[in-house]
Amino acid sequence: MTERTLSTVYDPKSVESRIYEVWERGGHFAPREGARGTFSIVMPPPNVTGVLHLGHALDTTLQDIATRFRRMQGYSTLWVPGTDHAGIATQARVEQVLREEEGKSRYDLGREAFVERVWAWKEQYGGTITSQIRSLGASCDWSRERFTMDPGLSRAVREVFVRLYEEGLIYRGNRIINWCPRCRTALSDIEVEHIEEPGVLYHVRYPLEDGSGHLVIATTRPETMFADVAVAVHPDDERYASYVGKTIRLPLTDRTIPVIADTYVERDFGTGCLKITPAHDPNDFEVGERHHLPSLVCLDQDGRLTDLAGRFAGLSREEGRERVVEALREEGYLVKEEPLDHAVGHCDRCGTVVEPYLSEQWFVRMEPLAQDTLERARRGELRFLPDRFMKVFEQWLTNVRDWCISRQLWWGHRIPAWYCGACGQVSVSRDDLDHCLHCGSQDVQQDEDVLDTWFSSALWPFSTMGWPERTPDLARFYPTSLLVTGYDILFFWVARMAFMGVHFTGQMPFQTVLLHGLLRDAKGQKMSKSKGNGIDPMDVIDKYGADALRFMLASNTVLGNDLRFSWEKVEGARNFLNKLWNAARFVLMNLDEGFSPVPLDAPSLDLADRFILHRLGETIRRATSALEDYDVGEAARAVYEFTWDEFCDWYIEFAKINLYGDHAEKKRQTQTVLITVLSRVLALLHPYIPFITEEIWQALPNTTGMLIDAVWPDAADLPVDERAVEQMRAAMEIIRAVRNVRSELQIPPKTSVPIVIGCDTEGVRGVVNQVTEMIARFCNAERVDVEAGIEPPKQAAVQVVTGAKIYIPLAGLIDMDAERERLKKEANRLKGEVERLEKKLANANFVQRAPQEVVAQEREKLADYRAKLSAVEERMASLEG
RNA sequence: GCGGCUGUAGCUCAGAGGGAGAGCACUACCUUGACACGGUAGGGGUCACAGGUUCGAUUCCUGUCAGCCGCACCA
């Protein structure tokens, strides 16, 4: 990679994989010894057998930008990559394949063989997503790659489980949980998505046993009536006061149930009579507990009616409902049906309607954990970007309920609890047990269930670094500096890492949490497999390269806000890369053999040189400070605008004067500025577009080593020259004015014109004199004359800018009517400005109360517009005559 | 019900208490020795609406409307 020329077209395909290999093989991703301290990130682990989607691409890009930026700043930088075993998703996938290919269920294989199959699956597909992350250019330290089911991480899981159990923060209990009949497992509250759906509220007559009448209950779930254990009314509801204590004969069954009074009942809803089904409704469960009612179960793990439902046994929930309603109607129990919209819980993963289900599960007691974490967060130990997420975070932790952590799966960390057949006690242990810790009996059996995947993910920031061992990495890189993830997993992951970190390490696991938005398609729809509107990031990389994808994502990012993908935006990013590439080509092809730079503060530097160096300095400062705040969009825009508008459109064009001229020293000077600006721009852009910048960097004569290891650009040695910027802007104004005239009067670009510039003051004249060559080049002028008080040429177009009148004398070529029309338009515009400012300055309140500099500024503007206006009017008058 | 986000050019979106911006699209012109994935010039916006604070609001505050997202739910 030492060639000093670049091909005419940038081809990301031939560059990206080659450079990535050099970086990875060369150990450039591993932390260096850094004087500035450490910077660490752990990667949100994607599903080990998954494939990359655009959300990952954004997430990875943002992390890589932060990592590369800090690395270049001199931090000892660690970015830990890894993958997640993703319990339900992975197991479901393997089960599906098993079913499709062999017609078998996991039960046909048995637990051990099935788990082996999943491991084999993981071995086969586990590399896909990590290789895709590599294609993105992620500079994470693969030598530290982790998997949530690695021995070390599994040990951390056991340690945490056992300690929480010993502290009484993990318990086992018979409670109502969310059950997915399709995944056949319990879910935590946040794995349930509530969707508003139209439903029916059935009013059903429940007769009293003594035949003295009936109560009408209202329910949306008549199929659970077989598990009813009571009918409840509000204690203060006079309508029903006399019924309390009586007995109901449950329709379609031969059971009887009591009428009870409980304040949970809303008198205004439905009929004010509520059937109580403790095993199938969380609220009913609590009512049942209060009244010491039994819990009957009428739905099984597949969501089918049990024998309790008598002749309806074996029916699915859906069919059961229909048939039960039918039967109730036939037997005269159904009073009425009314439509009712209500939120129905769906399995986050498979979309199946979730069943509230009474079962024995393991839980984490959240209150104490949440409390500690809240206090620390409020003390400022955790910062969110954007900070509004702190409120969401606090709110969730404040209301959080106990976390159901057991899953009825085989793939995952098996719960380290053993049940004794002899004494019936539970033994929880870090090591596998072959005897009961209470009675010593060898008749012990390990719990069949595994832990929620998020239980192990929650330990990720410290388990990846070796915890519970006191490893050097843990000491050096924990707590981590930054966490980057989508706001959609704030509760799932961020909050859980926070309280686990606080509880087990005594520290927040990260200082700053950067939450980005979700990716949507061009129409703003959420991308999903079922809609088929998902974009495969690998397709984007194939077509345009990883850099284009990264730049598109990063430059369009506003933290916390969703982002629409569009191919046009990728093309925009690609165009910018092409611009950069060609600017680099230009610089390189205009460098002489054995070129040696001049000092950057040489007094002989031209106006444009001083301008661009000053602006470079400002851009460096702006980009650096934006990146310090992780405002990647802002930093990207700053460098983009500088590179394209100021460097390419103005400075490079200007540079051609000296490069193609015959003044050797001027040429060397220009070369110096070009290479200085280019190399620093490359460094500024490297975190965003690492491949192309590295490729160009390798071709530069003034660089050593790799850009990934280079020092973040500094503005300290760049000359500061505010005046040069002002003067340059004046020159630009003149050039634009001339171009505007030429365009409006339709002077063909090829027609070279003379330009006469009249300047009122010596100061302006001095400036304009410095840039006549530039004006000539940019405006295709055959001659540029600068004079003091000139006699305006008769047949000429005129433009008035601050301090100067520009004439383009072109007898015969200019349509004088068009020129008069143009001047009229210009005069009107100026009049408007003058009037606006006069009005403003006539306002005594403004003059008195606004800051002096603002008033002065406005006065200056007014004077300027007045001068321009009178010049234009003068010219109009002279043309009339 | 509680909380939050968004509303700026045809489209996608930045922005900021003192003269409305970018990219794409559009119009005209230009194959000028880095780049047509380019250049030059241009058209186009009551900054959702109504109040308030202020000398001054598109920007800050309140409310309204519209779109979206969390959380919590009464079966």
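Numbered from 1 within each chain, the chains take letters A, B, ... in sequence-line order. We use all heavy atoms of the structure for the numbers below, so side chains are in, but hydrogens, waters and symmetry mates are not.
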### Task
Return the value, rounded to whole Å, for the distance between atom CD of E634(A) and atom P of A22(B).
16 Å

### Task
To the nearest Å, give me how far apart CZ (R564(A)) and P (U12(B)) are.
5 Å

### Query
How many Å lie between CZ on R742(A) and C1' on C30(B), as a whole number?
11 Å

### Query
Which nucleotide, U40(B), C5(B), G18(B), lies nearest any side-chain atom of P851(A)?
G18(B)

### Message
Classify the ring geometry of F551(A) against Y688(A): parallel below 30°, tilted from 30° to 60°, perpendicular beyond 60°.
### Response
perpendicular

## Note on the structure
Taken to the nearest whole Å, CD/E196(A) to C1'/C74(B) is 12 Å

### Message
From NZ of K391(A) over to P of G70(B), roughly how many Å is that when rounded to an integer?
### Response
18 Å

### Query
Y264(A) side chain N/O closer than 4.0 Å to the phosphate oxygens (OP1, OP2) of C74(B)?
yes

### Message
Using 30° and 60° as the class boundaries, would you call the ring planes of F576(A) and W644(A) parallel, tilted or perpendicular?
### Response
parallel

### Task
Please answer whether G56(B) and F846(A) are stacked, defined here as ring centres separated by less than 5.5 Å and planes angled under 30°.
no

#### Entry: Nucleotide nearest P749(A) (side chain, heavy atoms from C-beta), chosen from C74(B), G38(B), C29(B)
C29(B)

### A14(B) phosphate, OP1 or OP2, under 4.0 Å from N561(A) side-chain N/O
yes

### Task
Please measure how far the C1' atom in G45(B) lies from the corresponding atom in G15(B), and state the result in whole Å.
15 Å

### Task
Hey, which sits more toward the 5' end of RNA chain B by its nearest nucleotide, F576(A) or L340(A)?
F576(A)

### Message
Among C69(B), A34(B), C37(B), which nucleotide has an atom closest to any side-chain atom of N578(A)?
### Response
C37(B)

### Message
With a 4.0 Å cutoff (strictly under), does any side-chain N or O of K750(A) reach OP1 or OP2 of U31(B)?
### Response
yes

### Task
Between N556(A) and H194(A), just flag the one whose closest nucleotide in RNA chain B comes earlier from the 5' side.
N556(A)

### Query
In whole angstroms, how far is the C1' atom of U6(B) from the CG atom of D562(A)?
10 Å

### Base A28(B) paired with E744(A) side chain (donor-acceptor, <3.5 Å)
no

